[in-house]
Amino acid sequence: MRTQKKLKFLLLFALLSGSLLQAQITISGKVNFKNKGVKDISVTLKDTYEGATTDENGNYTFQTSEKGERNLVFSHSKFVEVEKKIVINNESITENIDLKEQISEIDAVVISAGSIEASDRKRATALLTPVDIYTTAGANGQVTAALETLPGVQKIGETEGLFVRGGTGTETKFFMDGNLVNNFFGNSIPGIKAMDRLNSSLFKGNVFSSGGYSAMYGQALSSILALESIDFPERNSVDIGISPIFLSGGFQNVDDNKTKSFGIFAAYSNLGLMTKLLKFNNDFTKAPESFGTNFNFRIKNKSGGILKYYGSFDTNAMALEAESLEPQTDFENTSLKGKNTFHNLSFKQKFGKYLLNLGSSFTFNNNFIRLSNTFENEEFNLNSIDVTGKYFNAKASVERKINKISAVRGGVELNQTHEKSEVELSPVPFVFNDKITSLFAETDLGFSNDFSAKVGLRSEYSSAINQWNFAPRLAFAYRISKNWTSSLAYGTFYQNPENKFFGTHDLNFQRAEHYILQIQKS
């Protein structure tokens, strides 16, 4: 009896096993990209745990007991996911698939004109954080001094400015949150280098492009330095600094939700003690003295838009004498009194697929220099130069994303300048007025993760020159292999001559053409 029961049990088990084996249907095939098999592609039946991963040649195979109409899913982070509808009966299924590349902001190569990126942020020659600046030896916490340590940037004696590949200091322009910053450096006299006016800690990034920069910017032959201020501070803070030569203090306040913040900072410095203790190249009759303060606030609305304001005011004074080589002259005397105020306002808001950027800046600057000679303690040849400037900038732009790595943007910009120079020995002051109206448009085109292009156009009209200019910009980037990337950029760049040259010559725009070819291995 037991033997018969065992036989019946074994027979039943064999029948069930056979039916189960017959129910297992094999699904197989090959996954290709550009006619080549692709490994590590996940192939699954949707809403089940059944599937496989492709091998080195792109082949896959697995078995399933599912029946009827099902969806076969092919997925990988670098490729567009594919769903293929299949009907499972009692026969094996072979399903081959051709994949399309998934365009990704992370993987895509983008235009280079200072490095390998389409946006100015990542293609720049340098992208410095405040920590980078403060830890650069000899930079004294100034972004321009830190950039002077990079290839292609020269230090020209004791002269402020960013001198790129032999250009003058005026060929580099400075921008804060997209707005032009006039008089970026403090007031100075020959032989004394002025400091940066803007505090490096206010910015989350400093992008320096040494050529081929975006059509969003203009009036710079050589390069631009684009400063992007922080959205909101990480925490509330109070800063106090005391030393024999300076006194400073300030605070920054931000709410818990990081929807609004404000801060103020002030500093006073006097190098009188330093001039008595140390030997300087210059003989100061009045030690450099300065006072500066700045204020900022930020407000975030319920829709995510951010309004930012930054304002500053500073004054400085100094006087020095230098031995004269002229007969019957002992010393040449120079004194300076300067004052400056700067205000910057910007607003950024998303409206669906569109990003709106609005901004404006205003600068007032006064530089009063008194000149004279001394012979046997008698002062003569008294003269003075009093230069006052008012500068206004406004910009509006709209950007629309086309897909993950493509976008189109355009906008308009207005720059207005009024300068008045009065020389004591000249009865007629020199007055300079100019309005520059600019239109710009550009697009980022991502054809694949290995190839992209950037095409732009900028046009400007100057009332001082009474002419328009047209400046095309074009760049391509191509990833040769995993570690090798190449880029090619071309652009035409215009800039007005320095204001001091107007009135005596019939002037035109200055013009530069940039050709940049790069091959980079990482």
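Heavy atoms only: backbone and side chains are in, while hydrogens, waters and symmetry mates are out.
Judged by distance alone, with hydrogens and angles left aside, the side-chain atoms of S438 form no donor-acceptor pair with the main-chain N or O of V412 at under 3.5 Å. With N365 contributing its side chain and N340 its backbone, the two residues share no donor-acceptor pair below 3.5 Å. When atom types are taken as modelled, the side chain of N383 and the backbone of L371 share no donor-acceptor pair closer than 3.5 angstrom. In this structure a side-chain-to-backbone donor-acceptor pair under 3.5 Å is present from R298 to D231. Side-chain atoms of S243 come within 3.5 Å of backbone N or O of I245 as a donor-acceptor pair. Side-chain atoms of S361 come within 3.5 Å of backbone N or O of L180 as a donor-acceptor pair. Side-chain atoms of N236 come within 3.5 Å of backbone N or O of V254 as a donor-acceptor pair. Using modelled atom types, one side-chain atom of R473 and one backbone atom of Y213 make a donor-acceptor pair closer than 3.5 Å. Checking side-chain atoms of K279 against main-chain N and O of K276 turns up no donor-acceptor pair under 3.5 Å. Checking side-chain atoms of R400 against main-chain N and O of L355 turns up no donor-acceptor pair under 3.5 Å.
Between F392 and F362, the distance from one ring center to the other does not fall under 6.0 angstrom.
Relative ring orientation between F297 and F295 is described as tilted, the plane-to-plane angle lying within the 30° to 60° band. Taking the six-membered ring where the residue is Trp, Y309 and H343 present parallel rings, their angle staying beneath 30° rather than reaching 60°.
Checked by atom type, the side-chain pair S261/D255 shows no donor-acceptor distance below 3.5 Å. Using modelled atom types, one finds no donor on one side chain facing an acceptor on the other under 3.5 Å when comparing T329 with N373. One side chain, D177 or S229, offers a donor N or O that lies under 3.5 Å from an acceptor on the other. Side-chain contact check for E442 and S214: at least one donor-acceptor pair (N or O, by modelled atom type) lies under 3.5 Å. Checking S222 against T172 by side-chain atom types alone, no donor-acceptor pair falls below 3.5 Å. No donor-acceptor contact under 3.5 angstrom links the side chains of S459 and Y461, judged on distance only. Using modelled atom types, one finds a donor on one side chain and an acceptor on the other under 3.5 Å when comparing Y268 with N270. Counting only N and O atoms by type, the side chains of N357 and Q349 include no donor and acceptor under 3.5 Å apart. Donor-acceptor pairing under 3.5 Å is lacking for the side chains of Y217 and E413. Between the side chains of T363 and N183, no donor-acceptor pair is found at a separation under 3.5 Å. Neither side chain, Y354 nor E399, offers a donor N or O lying under 3.5 Å from an acceptor on the other. There is a side-chain donor-acceptor pair under 3.5 Å between E460 and Q219.
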Would you give me the side-chain donor-acceptor pairs under 3.5 Å for residues 310-319, sequence neighbours excluded?
| unit_1 | atom_1 | unit_2 | atom_2 | d |
| --- | --- | --- | --- | --- |
| D314 | OD1 | R197 | NE | 3.4 |
| D314 | OD2 | R197 | NE | 2.9 |
| N316 | ND2 | N187 | O | 3.1 |

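Among residues at least two apart or in separate chains, ring-ring contact (aromatic ring centres under 6.0 Å, His included) pairs with a member in residues 232-254 are F251-F262. Screening residues 317-344 for salt bridge (charged side-chain N to carboxylate O under 4.0 Å, His left out), with sequence neighbours left out, gives no hits.
With contacts defined as side-chain heavy-atom distances shorter than 4.5 Å, the pair L198/F342 qualifies. Residues I306 and I299 fail the side-chain proximity criterion, which asks for heavy atoms closer than 4.5 Å. Residues F440 and L457 have side chains not in contact (no heavy-atom distance under 4.5 Å, counting atoms from C-beta outward). In this structure, S462 and F509 have side chains that are in contact, with non-hydrogen atoms separated by less than 4.5 Å.
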side-chain hydrogen bond (donor to acceptor under 3.5 Å, both in side chains) evaluation trace for T417 with D434: CA-CA 5 Å; T417 299; D434 188 23; 5.6 Å; no
Derivation of the side-chain hydrogen bond (donor to acceptor under 3.5 Å, both in side chains) call for N415 and N182: CA-CA 10 Å; N415 288 298; N182 288 285; 5.6 Å; no
Chi angles and distances behind the salt bridge (Lys or Arg N to Asp or Glu O under 4.0 Å) call for R370, E379: CA-CA 12 Å; R370 178 163 289 280; E379 196 174 16; over 6 Å; no
Check against side chain to side chain contact (heavy atoms under 4.5 Å, CB included), E422 and V387: CA-CA 6 Å; E422 296 180 275; V387 181; over 6 Å; no
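In the displayed structure, K260 atom NZ is contacted under 6.0 Å by at most 12 heavy atoms of other residues, nucleotides or ligands. Annotation for E234: atom CD does not count as buried by contact number, only 12 or fewer foreign heavy atoms lying within 6.0 Å. By the 6.0 Å contact criterion, NZ on K286 is enclosed, its count of non-hydrogen atoms from other residues, nucleotides or ligands being greater than 12. Counting heavy atoms of neighbouring residues, nucleotides and ligands inside a 6.0 Å radius, atom CG of L425 exceeds 12 of them. Counting non-hydrogen atoms of other residues, nucleotides and ligands closer than 6.0 Å to CG of L517 gives a total above 12.
One finds a salt bridge joining R409 and D444 here, because a Lys/Arg side-chain nitrogen approaches an Asp/Glu carboxylate oxygen to under 4.0 Å.
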